[in-house]
Amino acid sequence: MLIYDEPINQAKPDPRHAAMSALGGFSVLDLVQLLWRRKIAIASAALLCACIAVAIGKSLTPKYTATAQLYVDPRELQLVDRELTPRAPDLSGLAMVVESQGRVITSNNVLLQVIRETHLEKDPEFGGGDGKSLFGTLLGLFGIDLRPTAEQRKLVEMAALENLIRHINVKKTDKTFIVDIDVWSIDPVKAAMLSNAIAKAYLTESTQSQAARVRRATSDLSSRLTELQERLRNAENTLAVYKAQNNFVGTQDTLISDQQLSASNQRLAAARALTLDAQAKYDQIAASRKTSADAGAIPEALQSPTIANLRSQYAEARKRQAELQSELGPRHPALRQMEKQVEDLRRTIGEETDRFLQAAKNDLTRARDYEASLNKALETQKRQSVQMSQAAVRLRELERDVEASRDVYQSFLKRSRETEEQETLNTSSARIIGDATVPQRRTFPPGMALFAMIGFMLGGLASAAWIIAVERLTPGANPVRPNTPVRTSASSAAENRTPAATRQPSGTPQPAVSLIAKPSITRLQESDVVRTLGGILATGGTLDVARLGWPTLRAGFPLMTFLNTMREIRTALATRAVKDSAPVMSVIGAGNGEDRSIAALNVALSAARDGARVLLIDADQKTYTLSNKVAHLAKEEAGRLGWLNIGAKAARAIRSANGISILPALRASDTKASDTIRKAIAQARIGGDYDLVVLDGPAMPWSPADHALFDATDGLVAILPVKLDINESMEDIITALGETERKLVGVVINELTPTAVNRQRDKQYA
């Protein structure tokens with residue numbers, strides 16, 4: 001410990017030192033002795049520089065960095081057989097794809113989307129503003145609002161884009177597909193919000209660009225379909241006209257001309273067969289007529305009924321002639337008549353046979369004519385077939401053109417339908433694997449301890465160098481006289497920093513001040529709570545404090561640090577409270593009422609989770625945050641507090657489904673409200689309906705009525721939100737408490753993100 005009031009005895013200068021100084025040099029021993037003589041000045045300068053360094057560090061704008069992690073896998077999902085973009089062939093190609101995606105994250109399209117979604121063009125940190133000129137601002141003073149032009153809005157947006165680019169650092173982890181998006185800002189919540197917004201905007205841009213690429217391909221294919229369809233139609237029309245002009249008519253397999261040629265060949269062969277048959281028949285009949293053979297022996301005569309009848313008559317006549325020849329003489333008239341009759345029958349048979357011969361001759365002539373006509377027609381068809389064979393060369397060329405046009409059209413049509421369906425598919429496998437959280441520590445400037453250490457070291461070295469330089473320039477100077485008491489500025493500062501309670505005349509005994517045990521300190525973090533939508537009631541109409549829109553403790557986590565510390569605080573309260581009475585705890589804090597009210601609700605909920613019956617009283621006579629949240633949801637609870645009057649209305653505790661009863665605040669003067677709350681506390685202590693009473697407030701600054709309310713409590717729990725300076729807030733609370741500081745049993749550092757502003761129905765907002 002330094003005693004500044006004692007004199008500093010300086011040794012007489014050594015003659016050797018003067019001699020060495022005259023020679024222009026120092027020995028190490030002399031240097032050490034010089035610095036030791038000036039140790040107070042060196043220490044003072046070092047402390048001064050440390051304070052200056054800390055002040056500089058405090059004046060620097062803090063920067064908080066939040067990081068979001070993306071998994072960018074270039075191997076996209078294979079949802080269809082054919083993709084528009086090929087796969088990356090090797091690992092080097094995959095790495096290049098990932099690095100390219102890293103550049104896409106910081107592209108203007110992604111960042112402009114983030115700026116429009118988060119309205120960074122209005123954020124002063126990113127060079128934003130209302131875009132009004134000086135003239136527009138002056139007109140605004142007279143109520144004339146000039147909206148910025150599109151060009152001005154564009155300039156503001158570009159300025160925000162340039163500033164946002166300087167706040168972003170995208171880096172890729174080696175040999176992985178992980179991309180880190182680091183965003184720094186003076187606001188930790190804003191840094192986390194921007195990092196997550198950039199990651200989401202990148203995924204959205206990736207999906208939109210893929211959809212646009214597929215949409216563009218579909219549009220190009222569809223625009224070509226009309227042209228291909230027209231080309232196919234023209235080719236088919238040309239083919240049809242050419243077929244009609246050249247008589248290419250027929251079925252799908254063969255033409256009619258080919259069918260006719262084949263049929264003519266068949267008919268000609270049949271006609272030739274008929275001609276040969278007719279020739280054979282005619283030759284046979286003619287040969288039988290020339291010979292003396294029986295004329296009726298030919299097949300046609302045998303099949304003719306006339307010849308058969310005549311032959312029958314001829315046989316009868318011959319039989320009768322033979323009988324008459326045996327009975328009558330050769331010249332008998334009857335015999336002569338019978339001979340004549342036989343001769344007539346023979347002549348008649350011959351005539352009939354001649355008619356067969358003539359018929360065969362006619363058949364032969366007709367068969368020869370028919371064969372000749374068929375042969376002539378076949379020759380004509382052959383000549384036509386040769387001509388059509390020559391025309392078929394052009395026909396096949398036209399058919400190939402039609403087939404090629406049809407294949408191309410069908411291919412484009414099928415691909416157009418495929419790409420149209422792929423437009424709604426997201427084949428990208430990029431995803432967010434780590435959302436950015438609100439950073440708890442700043443990245444710049446470093447801790448004040450480091451600033452103080454650097455300042456202390458630099459100050460000490462600078463002062464030592466200055467002393468050595470002065471000593472070398474003025475070797476005979478000795479600013480300090482021997483045996484002279486010296487009081488430095490540090491001693492004066494030490495006296496000024498000494499509390500008035502500790503400064504008293506010497507010799508006067510100072511009574512010992514009994515201090516309380518060290519308060520328990522805990523943190524209420526985002527990981528301890530869950531957030532729900534506001535205004536949602538539990539089923540059955542019963543109030544559920546976990547669904548008021550405030551962050552409340554998670555269920556099923558009995559070992560969290562906050563719950564354990566709250567148990568220790570309640571145990572300490574139980575030792576201070578009157579035996580067999582409910583302990584009373586007041587939750588106080590700096591900042592707005594909502595942060596304190598949220599913490600008070602979670603303090604009460606922590607006790608209710610352990611099975612305690614808790615009465616939560618709104619003691620905040622300034623903001624009524626808790627009362628405004630639950631008063632319109634009330635179902636009155638009949639109990640020992642049912643007689644309590646608040647103003648002109650009877651206020652009863654509102655029972656919730658969580659084991660907590662909430663008593664709204666009294667909207668009256670501070671004195672009357674304090675008296676009413678103290679009566680409620682007294683009833684809760686002796687009534688036996690509750691195991692713990694928690695007061696939400698009162699809010700700072702505290703009036704005498706609030707201090708009287710502190711006297712009725714067993715302990716105080718201070719809420720310190722991290723959005724404020726924790727040390728300054730704690731000093732303000734301790735200063736305002738005064739002697740009531742002894743009741744401070746716990747400190748809760750509220751690290752919850754501020755909730756959204758609840759707008760009231762009777763208020764107007766811009």
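- Considering only heavy atoms from C-beta on, Leu626 comes within 4.5 Å of Trp550 through its side chain.
- Note that CZ of Phe412 is 13.5 Å distant from CZ of Arg417, once rounded to the nearest 0.5 Å.
- Between Tyr202 and Gln101, the side chains place a donor N or O and an acceptor N or O closer than 3.5 Å (distance only, hydrogens not considered).
- Between atom CG of residue Leu111 and atom CD of residue Glu205 there is a gap of 10.5 Å, rounded to the nearest 0.5 Å.
- At a threshold of 4.0 Å, the pair Arg231-Glu227 counts as salt-bridged, since one of the basic side-chain nitrogens sits closer than that to a carboxylate oxygen.
- Neither side chain, Thr65 nor Asp182, offers a donor N or O lying under 3.5 Å from an acceptor on the other.
- Counted by atom type alone, Asp620 and Thr623 present one or more donor-acceptor pairs between their side chains at under 3.5 Å.
- Side-chain atoms of Glu751 and Ile749, non-hydrogen and from C-beta on, do get closer than 4.5 Å to each other.
- No side-chain heavy atom of Glu162 sits less than 4.5 Å from a side-chain heavy atom of Ile165.
- For residues 186-195, the pairs satisfying side chain to side chain donor-acceptor pair (under 3.5 Å) are Asp123-Lys190, Glu125-Lys190, with sequence neighbours left out.
- Contact check on Arg531 versus Glu526 returns a salt bridge, with a Lys/Arg side-chain nitrogen under 4.0 Å from an Asp/Glu carboxylate oxygen.
- Dense packing is recorded around NZ of Lys172, with more than 12 heavy atoms of other residues, nucleotides or ligands lying under 6.0 Å away.
- Separation of atoms OG1 (Thr218) and CZ (Arg215) is listed at 8.5 Å; rounding is to 0.5 Å.
- Put simply, CZ on Arg431 and CG on Leu203 are 11.0 Å apart, with the number rounded to the nearest 0.5 Å.
- Taking CZ from Phe562 and OG from Ser606, the interatomic distance works out to 5.0 Å, rounded to the nearest 0.5 Å.
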| task | Kindly determine whether Ile733 and Ile588 satisfy side-chain contact (heavy atoms from CB on, under 4.5 Å), including the steps that lead there. | result | CA-CA 8 Å; Ile733 292 174; Ile588 60 177; 3.9 Å; yes
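- Once rounded to the nearest 0.5 Å, the distance linking CD1 of Ile662 with CD1 of Ile660 reads 6.5 Å.
- When side chains are defined from C-beta on, Ser416 counts as touching Leu225, because their heavy atoms get closer than 4.5 Å.
- With respect to Glu157 and Arg116, a salt bridge is recorded, a charged nitrogen being found less than 4.0 Å from a carboxylate O.
- At least one side-chain heavy atom of Phe451 sits under 4.5 Å from a side-chain heavy atom of Pro445.
- Put simply, the side chain of Val98 reaches to within 4.5 Å of the side chain of Val179, judged on heavy atoms.
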